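So the structure is just underneath, and the comments pick up after that.
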There are 2 protein chains.
Amino acid sequence: MSQRNTAVPPQLKTLDDAQLMIEQGFCPIPPREILDRIAGKWAIQIVVSTAHGPMRFTELERLIEGISRRMLTLTLRNLERDGLLERTVHPTVPPKVEYQATPMALELYEAMLTLTNWSRKHSACVAASRERYDARQTADV
Amino acid sequence: MSQRNTAVPPQLKTLDDAQLMIEQGFCPIPPREILDRIAGKWAIQIVVSTAHGPMRFTELERLIEGISRRMLTLTLRNLERDGLLERTVHPTVPPKVEYQATPMALELYEAMLTLTNWSRKHSACVAASRERYDARQTADV
DNA sequence: CTGTATCCGATCTGATACTG
DNA sequence: CAGTATCAGATCGGATACAG
């Protein structure tokens, strides 16, 4: 038996890389904790909004349409906890708190761009597929 | 005023591309419908499992650890609806139904690899950040 | 200005039982 | 084999009111 290759490819680029990874017993998809962060209704928007400079609480609240104060706070706390956001408190009156995306968060944002590209390329196709599917379902009834 | 450039970059690669996109009034992140698909607890696993050939319902049920029959059905239906899975019914006794990822789904899987790379690169850092944060919180109380 | 606390409805998921 | 139906628990997100 040949010696097992314990080194995993440092960068996965193709489905073959992923398959190789699977055969080596590694998971080819991001762990749940990361997917949850990405999936949260507001997290990525906050990363985007703080990517180009520090943003204050109220600025974010105004910028991100539809977000409630509660969810803004919760999402900011979660992002800070994960090291995706740096929170700076200026001890002034009135208080001033600024949030800024960390380098790690910027890399995440950049990684998400491939997903954005996929969406832009295929969203029409997905929408069409949904319509066909739904039409079939209502027709069956 | 210069004429507005209505053409969007076909492929976003850098944060500058994203910034340009924002200035043109486009959203730099995937739409909610796509994020939801990605975030679902089982969807991506099913895409991965059906990426290399047709899989039967029961095969998937055995392969994907922890999934309930109900969630398998629901997730398969959603993926089929979005055009990410092709469902083939063989009218035999007993019934045989096969699912296979579509080319579009394979591209999605491939796009997810950048996210997987990010996770592999930063997951230790995220975990450490969480521990620090939680330690601070319990210390404050 | 920057949050917290509480409540509530909607959605997601799992367990279990049943079916063509 | 490949589902469907029903119920219940957990989680998510929004509305509102309050506070340092």
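Reckoned from all heavy atoms, side chains included, excluding hydrogens, waters and symmetry mates. Please read these numbers as outputs of a predicted model, since none were measured by experiment.
Look at CG on A:D36: it is 11 Å from C1' on D:dT11, rounded to the nearest Å. Rounded to an integer number of Å, the gap from A:L76 CG to C:dG3 P is 7 Å. Between the P atom of D:dG14 and the CD atom of A:E65 lies a distance of 13 Å, rounded to the nearest Å. Summarising the geometry, the separation between CD1 on B:I64 and P on C:dG14 is reported as 12 Å, rounded to the nearest angstrom. Look at CG on B:L74: it is 14 Å from C1' on D:dA2, rounded to the nearest Å. Whole-Å rounding puts the B:E98 CD to D:dC1 C1' distance at 12 Å. Counting to the nearest Å, the C1' atom of C:dG14 and the CD atom of B:E61 are 13 Å from each other. Rounding to whole angstrom units, CD1 of residue B:I67 and C1' of C:dG14 are separated by 11 Å.
Ion pairing between A:D17 and A:K13 fails under the 4.0 Å rule for side-chain N and carboxylate O.
Not one side-chain nitrogen or oxygen of A:R70 sits closer than 4.0 Å to the OP1 or OP2 atom of D:dT16. Within the 4.0 Å cut-off from OP1 or OP2 of D:dC1, not a single side-chain nitrogen or oxygen of B:Y99 is found. In this model, the phosphate group of D:dG3 is approached by a side-chain N or O of B:R77 to a distance below 4.0 Å at OP1 or OP2.
The side chain of B:M71 approaches C:dG14 more closely than any other nucleotide in the set D:dG14, D:dA2, C:dG14.
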Heteroatom pairs (N/O) under 3.5 angstrom, protein to nucleotides 17-19 of chain C:
none

Pair A:R77-B:Y133, side chain to side chain contact (heavy atoms under 4.5 Å, CB included): steps then yes or no
CA-CA 10 Å; A:R77 292 290 173 276; B:Y133 186 92; 3.4 Å; yes
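Near DNA chain C, defined here as any heavy-atom distance below 4.0 Å, the residues from residues 41-52 of chain B are B:K41, B:W42, listed numerically.
At distances below 3.5 Å, not a single donor-acceptor pair connects side-chain atoms of A:T50 with backbone N or O atoms of A:M55. Looking at B:T73, its side chain does come within 3.5 Å of a backbone N or O of B:R69 through a donor-acceptor pair. Counting only distance, with no hydrogens or angles, the side chain of A:W118 and the backbone of B:M104 share a donor-acceptor pair below 3.5 Å.
Where A:K96 and B:S68 meet DNA chain C, the nucleotide closest to each residue was compared, and A:K96 sits on the side nearer the 5' end.
Using a 4.0 Å heavy-atom distance criterion, A:T73 is classed as a base contact.
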